[in-house]
Protein chains: 2
Amino acid sequence: MGIAERKNRQKQALRERILDASRRIVMREGFAALSMRKIADAIEYSPATLYLHFASRDEIAQALCAEGYAQLLETFVPLAGIADPAERLKALGRAYVAFGVAHPETYRLIFMEDPSYTGAALGGAAKGALKGEAALAAEAGITEAEAASRDAAAAEDDPGAAALHIMISALEQLKASGGLPASTDVAVWAEAFWATLHGIVALNLTCPVFPTTSLDTVVAVALDAWLGAPQATRDSTQHATQHATQHATQHATQHAAQHAAQARSAAASVGTRKKKSPGASAEAAAQPDGEPAAQPSRRQPARAATASLAAPAPKRKAAGT
Amino acid sequence: MGIAERKNRQKQALRERILDASRRIVMREGFAALSMRKIADAIEYSPATLYLHFASRDEIAQALCAEGYAQLLETFVPLAGIADPAERLKALGRAYVAFGVAHPETYRLIFMEDPSYTGAALGGAAKGALKGEAALAAEAGITEAEAASRDAAAAEDDPGAAALHIMISALEQLKASGGLPASTDVAVWAEAFWATLHGIVALNLTCPVFPTTSLDTVVAVALDAWLGAPQATRDSTQHATQHATQHATQHATQHAAQHAAQARSAAASVGTRKKKSPGASAEAAAQPDGEPAAQPSRRQPARAATASLAAPAPKRKAAGT
DNA sequence: GTCTATACACTGATAGAC
DNA sequence: GTCTATCAGTGTATAGAC
């Protein structure tokens, strides 16, 4: 069956080329600029060929989403080893925001574009993760290391669920160690916490005046609100929600940022897209390096100064112009 | 100059008709389905005519955004009268989420679609609002009633800034009355708080598995995290972030929901859009009532059960199919 | 089985005739 | 002021060549 295998390999290779080209287009021009014709031009095939490998543009987008989830998970995994659950959650939160800011197009695609995209890698499994598998594991006395390895195993199946798992188990441990009231509903708490992080990233990507000061400061305030001030033992202050806006959390932020930055070298994009430029796609395909040649974006000067990580957001609008 | 005035009136009338038709299309089929041709069909003019009143589709969208901001502000104004600043902030938070869930297409358009839309009504004025005008007012000893009337005055100019103002002044009062540490940076706190609310709404509109339980519960947890448990005086508990997940906050939630629901009668939408149906737009235009004839959406059965307010989210994807 | 060429029904936007 | 005709683009479907 060598022939069949070779054909299969070729098919997979073409599929990979399609995804490569798509990824490049999305990162260069934003998801809205991703068109079947553009992909076809980039890989030098006819548009119809794409449909032999993907049923629709949406399916390509979902494949890219799966990659994005895996990428986000990679950002989380090394942080799962942090001993203190509260610190671990904070590190995860910072890494989450850093990821969204460092890879705006990826984040947009995964969490802000379409429910079918978001659900693609966050379907039933994620629901299971939120519902209490972790709770059972924690109550059974599973160690952190064991939990981490189980997360890693689950990662290949469903990165989204795995990422959730990392957070949930930290939460369970925090609760078990008295860091949270026993009455806390872990699933609800986790969702609300996630929503906070998502809100910060989403507003940063969408709202021109957010944040007015520093993104790190906002993140620090949010983490303190949810997890208490860092160096206090959390029973010495009478109002744990606030205090210490920009203290010792800084180094951890930088660590997370570093990690996120290395996961994928700077997602740059074009502020003002060219109108026509025939052959631009072919040129892109010829470029061997997958990542873009950083082209400075000055869409919102205030933004560049305020975000600690490079986070240009292209005007994503394909259609005809 | 009676002739000129009449012409001006006619021009304004057509502009209004364009916006009316656009609003209807967005609420029926989602923003992505808003096309110039569809609007033109609805008002029975040629597509080119639209460009005499709006420079582009984006400009129409921005006009719709301005309406949406005003609508959101209307939801806030009556809540500005709540005496206790903490309760006021909670009511505002609940109203915000309720608004987003009740008017998903409006919310999407305003806060999740495009930075230029979000910035349209939230430009420099909002930045000013966050920067400390409110702080000065509060320190000068301005009463709540006076502040509210000033907000109302500002509303016509910039609803977005006015809405922010309402929140910021509540925050200032809370801080002044000792509800927050003196070291709190009000602008940062407000942004982080807003991000939490936005995250809840945005995930609810985008992520199929959010929330796994009840939206109200998640909101309650988030409000407690930021503002402390409701009936405690906020210094009796050693860890104020948690406690009381679903206690007495319920009646207030219902109040907010009621208000949001009355502001605009149920934003319904179409789950699976028809493929062609020539004449559908004209039919829509003929319908005198601006609001849609509720057409049940069963996109995500879990969603309908989980959200306490009607929140169908159409598959927003125009393009050709 | 793989792929291309062609076609269809759309999109936003514009030039120019009336 | 309004419309017709048109441009350059879109996702997708299908007939038919290899």
Side-chain angles (χ1 to χ4, degrees), chain A residues 1 3-15 17-18 22 25-26 29-62 114 116 273-281 315-321, chain B residues 3-4 6-15 17-18 22 25-26 29-62 114 116 273-281 315-321:
Chain A
M1 322 238 184
I3 293 174
E5 279 174 17
R6 189 208 63 207
K7 291 209 169 180
N8 211 316
R9 259 201 318 275
Q10 282 178 339
K11 183 155 187 161
Q12 285 303 318
L14 186 47
R15 193 190 147 95
R17 282 188 63 193
I18 293 172
S22 304
I25 293 168
V26 167
E29 313 172 44
F31 169 67
L34 181 69
S35 80
M36 301 303 265
R37 280 175 170 83
K38 223 178 262 183
I39 301 169
D41 280 356
I43 63 171
E44 298 177 290
Y45 276 78
S46 91
T49 300
L50 300 179
Y51 289 91
L52 298 173
H53 299 263
F54 295 94
S56 65
R57 192 184 94 121
D58 275 11
E59 207 172 284
I60 295 178
Q62 284 171 10
D114 190 295
S116 85
R273 291 195 13 255
K274 279 167 286 187
K275 248 194 175 168
K276 188 89 154 295
S277 75
S281 329
K315 176 78 169 168
R316 41 180 214 349
K317 289 271 178 91
T321 158
Chain B
I3 293 173
R6 190 209 61 205
K7 290 206 170 180
N8 211 315
R9 260 201 317 275
Q10 282 179 341
K11 183 154 186 160
Q12 285 305 317
L14 187 47
R15 193 190 148 94
R17 283 187 62 193
I18 292 172
S22 305
I25 293 168
V26 167
E29 314 172 44
F31 170 66
L34 181 70
S35 78
M36 300 303 266
R37 279 173 171 81
K38 222 177 263 186
I39 301 169
D41 280 356
I43 63 171
E44 296 178 290
Y45 275 79
S46 91
T49 302
L50 300 179
Y51 289 92
L52 298 173
H53 299 261
F54 295 93
S56 66
R57 192 184 94 122
D58 275 11
E59 206 172 284
I60 295 178
Q62 284 172 9
D114 191 294
S116 85
R273 292 199 9 262
K274 279 167 287 187
K275 245 190 174 169
K276 188 88 152 299
S277 74
S281 330
K315 176 76 171 171
R316 34 171 222 356
K317 288 273 179 89
T321 157

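Bear in mind the structure is a predicted one, so any value in this text is a computation, not a measurement.
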Spatial distance of atom NZ (A/K7) from atom CD1 (A/I3) [nearest 0.5 Å] = 7.5 Å
Could you go through the side-chain contact (heavy atoms from CB on, under 4.5 Å) check for B/T49 and B/L14 one step at a time?
-> CA-CA 10 Å; B/T49 302; B/L14 187 47; 4.2 Å; yes
Tabulate protein N/O versus nucleotide N/O from nucleotides 16-18 of chain C, keeping only pairs under 3.5 Å, one per line.
none

Between A/L34 (CG) and D/dT12 (P), how many Å, whole number?
-> 11 Å
Flag for A/S56-A/D58: side-chain donor and acceptor within less than 3.5 Å = no
Apply the side-chain contact (heavy atoms from CB on, under 4.5 Å) test between A/M36 and each candidate in A/I60, A/I18, A/D41; give the one that qualifies.
-> A/I60
Would you say the side chain of A/R37 and the base of D/dG11 hold a donor-acceptor pair, judged only by whether the two atoms sit under 3.5 Å apart?
-> yes
Here the distance between atom P of D/dG1 and atom CD of B/Q10, to the nearest Å, is 10 Å
Separation of D/dC3 atom P from B/L50 atom CG, nearest Å, is 10 Å
Hey, does A/S35 reach any base, or is it just sugar-phosphate, or nothing, if we go heavy atoms under 4.0 Å?
-> sugar-phosphate
From the options D/dC3, C/dA13, D/dT10, select the nucleotide whose nearest atom is closest to the side chain of B/Y45.
-> D/dC3
State the OG-CZ distance between B/S46 and B/R37, to the nearest 0.5 angstrom.
-> 10.0 Å
D/dC3 P sits how many Å from B/H53 NE2, rounded?
-> 10 Å
Is there side-chain contact between B/R6 and B/Q10, with heavy atoms separated by less than 4.5 Å?
-> yes
Protein-nucleotide distance (A/D41, atom CG; D/dG11, atom P), rounded to Å | 11 Å
How many Å lie between CD1 on A/I39 and P on D/dG9, as a whole number?
-> 17 Å
Gap between atoms CD1 and C1', on B/I25 and C/dG12 respectively (whole Å) | 14 Å
Between B/Y45 and B/R15, is there a cation-pi geometry (under 6.0 Å to ring centre, at most 45° from the normal)?
-> no
Do the side-chain N or O atoms of B/T49 get closer than 4.0 angstrom to the phosphate oxygens (OP1, OP2) of D/dC3?
-> yes
Protein-nucleotide distance (B/L52, atom CG; D/dT4, atom P), rounded to Å = 14 Å
A/Y51 near the nucleic acid: base, sugar-phosphate alone, or nothing, with a heavy-atom cut-off under 4.0 Å?
-> base
Proximal nucleotide (of D/dG11, C/dG12, C/dC3) relative to the B/R57 side chain | C/dG12
